[in-house]
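In this chain, residues are counted from 1 in sequence order.
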Amino acid sequence: MIISLKGQLADWKYARGNTVRFLEQLSDEDLKRLLPRKTFVTIYDQIVEMAWVQRCFLKAIETKTLNDMDWAAPDIATKAELLKQMAQFDEQMEQALEKCDGTEEIYWFDHNKNINEHVSCMQSHEMMHLGQIIAFCHGLGINIPEDVRKSMHLTG
């Protein structure tokens, strides 16, 4: 794996680790509280969508196109099932990136992105949702897990 992808993979593991800690440590009640959003209206729904987007990005590395992906997130009923799926996608991603030499391009609807841009977009999506989850926790009085607060240097 090229050094730039190693750095991006480390960044991914940091972000995904925080997502996993939210999923593992928030109560089912807090994970299922309604959020003021039009779609993905619970924290749980957002995390399912985050995992599914990763799956789509992984498939795009393989197929070299992001077009024609199945973007509709599935109904994953349990935390355990979702955590297993996320771990599987993380392992597949590491294996896929291991094979990359930096010249790979993925067709994004109307233009190409190189592999680093593609991975950056996936990371940005994960971090955007983490920021939303943190804001919703603050707004709804949901306690952010202590190790997430420490990891992300959050106060309050």
| Expected output: side-chain E126 to main-chain W12 donor-acceptor under 3.5 Å | no
| Any side-chain heavy-atom pair from C137 and N143 closer than 4.5 angstrom? | no
| field | Close side-chain approach of Q25 and D147, heavy atoms under 4.5 Å | value | yes
| query | Tell me, do I142 and F136 make a side-chain contact under 4.5 Å, heavy atoms counted? | reply | no
| task | Measure the shortest side-chain to side-chain distance between H129 and I47 over non-hydrogen atoms and say whether it is less than 4.5 angstrom. | result | no
| task | Taking the side chain as every heavy atom from C-beta outward, state whether M93 and L9 have any pair of such atoms under 4.5 Å apart. | result | yes
| remark: dist K6:NZ -> D11:CG (nearest 0.5 Å) comes out at 14.5 Å
| request: For Q54 and D90, test the side chains for any donor-to-acceptor distance below 3.5 angstrom and give the result as yes or no. | output: yes
| Does any non-hydrogen side-chain atom of Y14 lie less than 4.5 Å from one of M152? | yes
| task | Please answer whether the main-chain N or O of F109 pairs with a side-chain N or O of Y107 as donor and acceptor at a distance below 3.5 Å. | result | yes
| said: Please give me the minimum heavy-atom distance between L5 and V119, naming the atom from each residue. | reply: CD2-CG2, 4.1 Å
| task | Could you tell me which non-hydrogen atom of M1 sits nearest to which non-hydrogen atom of L97, and how far apart they are? | result | CG-O, 3.6 Å
| message | Within the 3.5 Å criterion, strictly below it, is a donor on E49 or H125 matched to an acceptor on the partner's side chain? | response | yes
| Of the non-hydrogen atoms in R149 and I144, which two are nearest, and what is the gap between them? | NH1-O, 2.7 Å
| message | Does L130 form a side chain to side chain contact (heavy atoms under 4.5 Å, CB included) with V148? I'd like the steps, not just the answer. | response | CA-CA 10 Å; L130 276 171; V148 173; over 6 Å; no
| query | Quick one: does K150's side chain get under 4.5 Å of E146's, heavy atoms only? | reply | yes
| query | Mind checking whether L83 and L26 sit in one hydrophobic cluster, side chains of I, L, V, M, F, W, Y counted as touching below 4.5 Å? | reply | yes
| said: With a 3.5 Å distance limit and no angle check, can you tell me whether K79 reaches the backbone of L23 through a side-chain donor-acceptor pair? | reply: yes
| task | Check whether any side-chain heavy atom of K13 sits under 4.5 Å from a side-chain heavy atom of E94, and report yes or no. | result | yes
| query | What are the two closest heavy atoms between Y44 and T78, and how far apart are they? | reply | OH-O, 3.0 Å
| Exceeds 12 heavy-atom contacts within 6.0 angstrom, atom NZ of K84 | no
| task | Work out which heavy atom in L34 is nearest to a heavy atom in L140; give both atom names and the distance. | result | O-CD1, 4.0 Å
| remark: Residues A73 and V48: closest non-hydrogen pair is CB-CG1, 3.9 Å
| To the nearest 0.5 Å, how far apart are CG in L58 and CD in Q92? | 6.0 Å
| Where do T19 and M86 land on the side chain to side chain contact (heavy atoms under 4.5 Å, CB included) test, with the steps shown first? | CA-CA 10 Å; T19 303; M86 291 166 73; 3.8 Å; yes
| E91 side chain to Q88 main-chain N or O, any donor-acceptor pair under 3.5 Å? | no
| note | One should read off an interatomic distance between Q8 CD and Q123 CD, to the nearest 0.5 angstrom, of 5.0 Å
| message | Closer than 4.0 angstrom, basic N to acidic O: yes or no for K99 and E104? | response | no
| Does a side-chain N-to-carboxylate-O contact under 4.0 Å join R33 and D30? | yes
| remark: Residues passing the salt bridge (charged side-chain N to carboxylate O under 4.0 Å, His left out) test with E81, sequence neighbours excluded, are none
